[in-house]
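Worksheet: the structure to be examined is printed underneath.
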Amino acid sequence: MNTVPDGLGVDRIHLWRGERHVLKGVSFTLARRQLLQIGGANGTGKTTLLRVVCGLLRPEQGEVTWLGQPIAKVRADFEDTLAYASHEPALKADLTALENLRFGVGLKRRVSLEELRASLERTGAASCADLPARVLSAGQRRRVALARVLAMNASLWLLDEPFANLDAAGAGMLTELLQSHVRGGGAALVVAHHDLKVDVDLRRLELGP
């Protein structure tokens, strides 16, 4: 079994969508202080893999483990340590950026407004705090979504195309956040089309057709 005692293990995952075999025996491990980049062409199952890892989809074969245990057996502990950001920022349009963070992070832990504002500051979205999400640009919404990940204080990040809609400054900011997270003892699984330029333990997994 492809497990890792201090982190995430993905062991021979197979998943079908209808008659299409999307994930074909995918295996990897991810320990603390590691970053794993998932690459591959559109339709090769990158988003599907993230959804399997975080427990939103169940594979037909294979297993995902956390700290050596199947995630189904340690569901509460696994969810406490996990921050998942989908390709879409998933913000409520009529709530302000700060209200979105308060709602999203509040589902996981008690958090102060000062902590939330600090997270927005770190992602360069402090000026958006009191604006409704519907008026924000795509890049601003991405920065707010990343602030939500930060504020969750999770040790495992699962990020689906987090660089989408970010300008060069935003991409630099996200790269620094990833490096800081991994150097601080966290782990990150990132779907990205371009090669990440980071000064940490970086692994790559390319999904094929």
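These numbers come from the heavy atoms of this one structure, side chains and all, not from hydrogens, waters or symmetry mates.
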Closest approach of [X] to [Y] (non-hydrogen atoms, all atoms of both residues):
X    : Y    : answer
L116 : V105 : CD2-CG2, 4.2 Å
A187 : A31  : CB-O, 3.4 Å
H181 : L156 : NE2-N, 4.4 Å
R183 : R33  : O-NE, 3.7 Å
A83  : M152 : CB-SD, 3.8 Å
V144 : A125 : CG2-CB, 4.1 Å

Inset, instruction - Answer yes or no: is there a donor N or O on one side and an acceptor on the other, between the side chain of K108 and the main chain of E79, under 3.5 Å? - result: yes
Inset, instruction - Sequence neighbours left out, what pairs pass salt bridge (Lys or Arg N to Asp or Glu O under 4.0 Å) with at least one residue falling in residues 137-149? - result: R143-D167
Do the side chains of [Y] and [X] get nearer than 4.5 Å, heavy atoms only?
X    : Y    : answer
M173 : L146 : yes
P59  : H14  : no
V149 : W157 : yes
T48  : L57  : yes
L174 : P162 : yes
F28  : L8   : yes
V10  : T29  : no

Inset, instruction - Just do the side-chain contact (heavy atoms from CB on, under 4.5 Å) check on L205 and Q37 with the steps written out, would you? - result: CA-CA 6 Å; L205 175 65; Q37 177 182 354; over 6 Å; no
Inset, instruction - Look at atom CZ of R58 and say whether more than 12 heavy atoms of other residues, nucleotides or ligands are closer to it than 6.0 Å. - result: no
Inset, instruction - Can you measure from CD (E115) to CG (L101) and round to the nearest 0.5 angstrom? - result: 11.0 Å
Legend entry - Residue pairs fulfilling ring-ring contact (aromatic ring centres under 6.0 Å, His included) with at least one residue in residues 78-130, sequence neighbours excluded: W66-F78
Legend entry - Side chains of T47 and D160, donor plus acceptor under 3.5 Å: yes
